[in-house]
2 protein chains.
Amino acid sequence: MVTPKRKDAQQLTELILETARDLFTQYGVDTVSMHQIAKTAGVGQATMYRRYAQKGDLCLELIDDQFNRLRIEIEAQLEQLDGAPILERLISVFRRIIMFTHHEASLLKAIHVSLVQSRCLNADAQQFFCSQPYLYLHGTLAGLLKEASDAGQTVSFDPAFTAHIMIAALAPHTLQHLSDRYGYTTDDIIDQLIRTLIRPLFISLD
Amino acid sequence: MVTPKRKDAQQLTELILETARDLFTQYGVDTVSMHQIAKTAGVGQATMYRRYAQKGDLCLELIDDQFNRLRIEIEAQLEQLDGAPILERLISVFRRIIMFTHHEASLLKAIHVSLVQSRCLNADAQQFFCSQPYLYLHGTLAGLLKEASDAGQTVSFDPAFTAHIMIAALAPHTLQHLSDRYGYTTDDIIDQLIRTLIRPLFISLD
DNA sequence: TTGACAAACGGACAATTGTCCGCTATTATT
DNA sequence: AATAATAGCGGACAATTGTCCGTTTGTCAA
């Protein structure tokens, strides 16, 4: 059978992504419209929507590189801390995640709003919770929490449930509000979050 | 000076609210459009937008009664528990808030998405965090947390900060995901949240 | 080459959100 | 009562999101 592919398909994808990146940088993620991206890139609406059904999908693609870097860092750190106390490893990973969330706040906000709305017809599954980044972060956190729980060093809790809650607590809107409105620095936020969400789970060994 | 008021202004407001309530009940909050509400109510677009600039504002108004009831319940409960240990009061309030959030999930989701987007020009202030319900919940939680902290019964943390984080952790999307996808009941969710977010803050007095 | 066929482009179109402006209704003033 | 003045109604209009369909592009077979 025939399996035709446009030879410029991949180039169009990159053109769209590059245009979006530029426009986002210049005007801010919120104010740039899908139409504007297509028009600027010189492609049809459908050509873009066929690749990215929503702005959130496009943002996910744009953040993909950063996210892979985060993944690699987390894995390197876990390898380096192999054998260290679970509390220390958990804090290390948590810190990285918060830094990433706070740093990529504008893209993450757009992703969150877009994918949580689920205006698509398959409203049965919340796309946000099925996205690869969410699943990876949840899996990693839940794994560490389970290890701590199994080791008997913590109070009794459900690791998977708690991982969901922790990610919810890191909502980019909230973190941004805390820094914009109250002036908390990233380090303040990291410190307080660890102090509030992580350490108290561990039974003090005094 | 002249201060003319249409005598039917209040009636129109109630007509809009009633129409919205009916349509939301019948078709679901997500699928009903502002245009549809105006058309069904038989009023112009601007007549509705002048009252409620976004769907989130309309939802806020619709939930207002329920929210006032929550407030009264919380205050009654705090009065009744006057003198009880702070941990007990905190858990009691927290439980009420979670029940409310889970029960009103569909309206709260719409409010959250709408007010967090802040497509309005005054994007300087996140409307969601300035809404009366948010401020009340935050104030109440922060007050109780501060009391616990001052009494020296807890680990060291910032009450206001922690109250923000706790509310973020109760994001309706997340709670709904937990019940839809994993089958947690409201009671499961309440139990786990208290176990994860509240109790660990308190130093065990053994 | 040439013809057939499908993947995929692009612009037109529909739906929703949000704004603007001419007109109506109401009330204070005379 | 008649008039003036303005709050506020309502529909038309603009912008954005998302879809559909006629047309183009490239591959395979003869």
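The chains referred to below are lettered A, B, ... by the order of the sequence lines, with proteins before strands, and numbering in each begins at 1.
- Among the heavy atoms of the strands, none lies under 4.0 Å from Gln36(B).
- Between Arg51(A) and the phosphate of dC9(C), there is a side-chain N or O to OP1/OP2 separation shorter than 4.0 Å.
- Nucleotide dT17(D) holds its P atom 18 Å from the CG atom of Asp30(B), rounded to whole Å.
- There is no side-chain donor-acceptor pair under 3.5 Å between Tyr182(B) and Asp188(B).
- Gln11(A) has its CD atom 11 Å from the P atom of dG26(D), to the nearest Å.
- Within the 3.5 Å criterion, the main-chain N or O of Ala84(A) finds a donor-acceptor partner in the side chain of Arg89(A).
- The separation between Ile37(B) atom CD1 and dT16(C) atom C1' is 12 Å, rounded to whole Å.
- Under 3.5 Å, the side chain of Arg50(A) and the base of dG10(C) form at least one donor-acceptor pair of N or O atoms.
- Comparing Gln45(B) and Thr31(A) by the nucleotide of DNA chain D that holds the closest heavy atom to each, the one mapping nearer the 5' end is Gln45(B).
- Interatomic distance, CD1 of Ile111(A) versus OH of Tyr134(A), reported as 14.5 Å (0.5 Å rounding).
- Atoms CG (Leu15(B)) and P (dG8(D)) sit 17 Å apart, rounded to a whole Å.
- Figure legend: cation-pi geometry between Arg181(B) and Phe129(A) absent, as NZ or CZ is not positioned both under 6.0 Å from the six-membered ring centre and within 45° of its axis.
- Atom pair Leu58(A):CG and dT17(D):P shows a separation of 11 Å (rounding to whole Å applied).
- One interatomic measurement links the two molecules: CE of Met34(A) to C1' of dT17(C), which rounds to 17 Å at whole-angstrom precision.
- Aromatic pair Phe128(B)/His177(A): ring centres not closer than 6.0 Å.
- Set against dC20(D), dC20(C), dG18(C), the side chain of Tyr49(B) has dG18(C) as its closest nucleotide.
- The residue Ser33(A) sits close only to the backbone: its heavy atoms come under 4.0 Å of sugar-phosphate atoms, none of a base.
- The CD atom of Gln54(A) sits 14 Å away from the C1' atom of dT16(D) (whole-angstrom rounding).
- In this structure, the CG atom of Leu12(B) is 12 Å from the C1' atom of dA25(C), given to the nearest Å.
- Considering only side-chain atoms of Thr47(A), the nucleotide from dT19(D), dT19(C), dC9(C) that sits closest is dC9(C).
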